[in-house]
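This structure is a prediction, so every number in the text was calculated from the model and none was measured. In what follows, every heavy atom counts, from backbone to side chain, and hydrogens, waters and symmetry copies are set aside. Quick note on labels: first sequence line is chain A, next is B, and so on, each numbered from 1.
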Amino acid sequence: MSEQPLTNLSQPEPVSGWNAAISSWLPAVILLLVTIMLWEAAVRIFSISSFIVPAPSEIAKSLVAQRGTLMQATVVTAGEILFGFLVSVVVGIALALVIVRFDWLGRALYPLVVLFQNVPKVALAPIFILWFGYGLAPKIGLILVIAFFPVTLSMLAGMQSVDRSLLSLMNSVGASPTQILFRIRVPHSLPSLMAGTKIAATLSVIGAIVGEFAGASDGLGYVIQFASTQLDTALVFAALLLVSVLGIAFYYAAEILERFVVPWAPKFSRA
Amino acid sequence: MQVETIRPAGGRPAHIRHDDLISTKGVSVIMGTDQNRQLILRDIDLSVPKGSFVSLIGPSGCGKSTLLKVLAGLVVPSNGSVSIAGVSPGEAARKRMIGLVFQDANLLPWKNAVDNASMLLGIADKSMSRSALRARGQEMLELVGLGDAAHKRPNELSGGMRQRVAIARALALDPAVLLMDEPFGALDAITRDSMGQSLLEIWQRTGKTIVFVTHSIDEAIQLSRQVHVLGINPGRITQSLDIPLPYPRDASVTEVPEFVRLVLQLRTMLRSSHQPGGAT
């Protein structure tokens, strides 16, 4: 036979473990360190007041001094993000399945979903506080309305991009719509769904912070708001830093999940 | 030796033989909206004897793929009748008499070769156990020469190997008819040749009836027992050519003078089929 098996065509071999990792991360790390040093120097040289722009060293000090408050707030916010994210993914997937499986319901729902997407959802935060109080519920609700859409949309796109001749094959052996949905459309949509899920992960962080801004007695959003009224800008930045860390952590958690869910999908590589 | 039938356009065969596995009578397909109705196929009379290898060749847009879909029961003709072993194509499909292979292998990227090969069978026959399906898939992979690649995922297989899995998947149904729509159209010339040889071997070993849509004159002559030329606007069978070259045929058949003569003859037929023919 003239054909040769092409192994791992889609995954080029990385140069080698640590060296490759260092060379791919090094530029970003250097840029970050230089920026922090310039920032520190600028604040000192121009003696900028710390409630306008705190020096990185001030932020670090605040981070250490307030570690109890910050840690507790981080746990609260992380819980909101995780819970809200999971609810968004479940609701987003369920909506996509309903839209694809029940044609008439889909035609009714889809325009409404798109319409709803155009509502400025940040503006819903006060209403959610009014309805659900100051606890966890309004934050989950806000994360849900912000984050379900990319999940639904990406899964729909994945389910609808199944090749027509594959559907012909399925029809030729009398496959039922439910069989086509669960054997073909759903697994086919997973790579696309995972991309939407990663977007939802970052939007969940935004949803949680907005929810806390609108009304909360705890969490990093609350700390940011409280500290800014006290002109404790260093604490604001410290909390911001933790929010960013949370965002990155959730994004990479979603990326790791992707590797387990869709190991066959072509990977996007940084290199 | 040269049994050559050249039928006038739209002409009907005098009689339909009883050993025909597939026969269509006056099949027309009209598609499109009320304002823009298009006659895709007109008056198709096709008869394919059991165990035969028949090719459909014609210019792009002549409706040869649509004709294949009619035979597969995926397109219902607007007029005329289709019979596969005495039943309608829909009925034949339900009885797993039809195996389909398209230009794109359309394998499921999340399943390995053996599970891909048994995928359609698993849907057609819900009573089969997982291990029985695997065994059948493995058997079919061996038939197409991919016994060693059972656990490879599609992205680890070459284009030709993927297409072999697609053929294995169709054969797993044990269909009476194999309907193939330009199955080697996306492959390079060398792979294409070896796939053609393999298909002939599989055909002779299994005795399937094959209807093969192709763009390639050489491929049509090299593989089939009979070639039907389709004309365009509307799609119709303009001429038919019997290929009297003896089987088994290997790659050397292309060097036989008879082959060269048939190529020229088919080319002439194809050229005349490019002219739109409204009237019969």
In terms of heavy-atom proximity below 4.5 Å to chain A, should [X] be classed as side chain, backbone, both, or neither?
{"X": "B:Leu187", "answer": "neither"}
{"X": "B:Lys126", "answer": "side chain"}
{"X": "B:Arg153", "answer": "side chain"}
{"X": "B:Leu74", "answer": "side chain"}

### Query
Which one, B:Val101, B:Leu107, B:Leu108, leads in non-hydrogen pairs under 4.5 Å with chain A?
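The answer is B:Leu108.
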About how many Å separate [atom2] of [Y] and [atom1] of [X], when rounded to the nearest 0.5 Å?
{"X": "B:Asp181", "Y": "A:Ser168", "atom1": "CG", "atom2": "OG", "result": "10.0 Å"}
{"X": "A:Asn171", "Y": "B:Lys69", "atom1": "CG", "atom2": "NZ", "result": "11.0 Å"}
{"X": "A:Met170", "Y": "B:Asn106", "atom1": "CE", "atom2": "CG", "result": "11.0 Å"}
{"X": "A:Ile180", "Y": "B:Ile123", "atom1": "CD1", "atom2": "CD1", "result": "7.5 Å"}
{"X": "B:Asp104", "Y": "A:Arg164", "atom1": "CG", "atom2": "CZ", "result": "14.5 Å"}

### Message
If we define contacts as heavy-atom pairs under 4.5 Å, which of A:Ser172, A:Gly174, A:Ala175 has the most with chain B?
### Response
A:Ser172
### Query
For A:Phe83, does the CZ atom sit with more than 12 other heavy atoms under 6.0 Å from it, leaving out its own atoms?
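Incorrect, the count does not exceed 12.
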### Task
Please check if atom CG in B:Asp250 has more than 12 non-hydrogen atoms from other residues, nucleotides or ligands closer than 6.0 Å.
yes
### Query
Under 4.5 Å between any side-chain heavy atoms of A:Leu169 and B:Phe102, yes or no?
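A:Leu169 vs B:Phe102: side chains touch.
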#### Entry: chain B contact via A:Leu190 - which portion, at a heavy-atom distance below 4.5 Å
neither
### Query
Hey, what's the ring geometry for A:His188 with B:Trp110, parallel, tilted or perpendicular (30° and 60° as the breaks)?
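Because their plane-to-plane angle is over 60°, the rings of A:His188 and B:Trp110 count as perpendicular.
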### Task
Evaluate the criterion side-chain contact (heavy atoms from CB on, under 4.5 Å) for residue pair B:Arg94 and A:Val173; output intermediate values, then yes/no.
CA-CA 6 Å; B:Arg94 273 191 293 281; A:Val173 291; over 6 Å; no
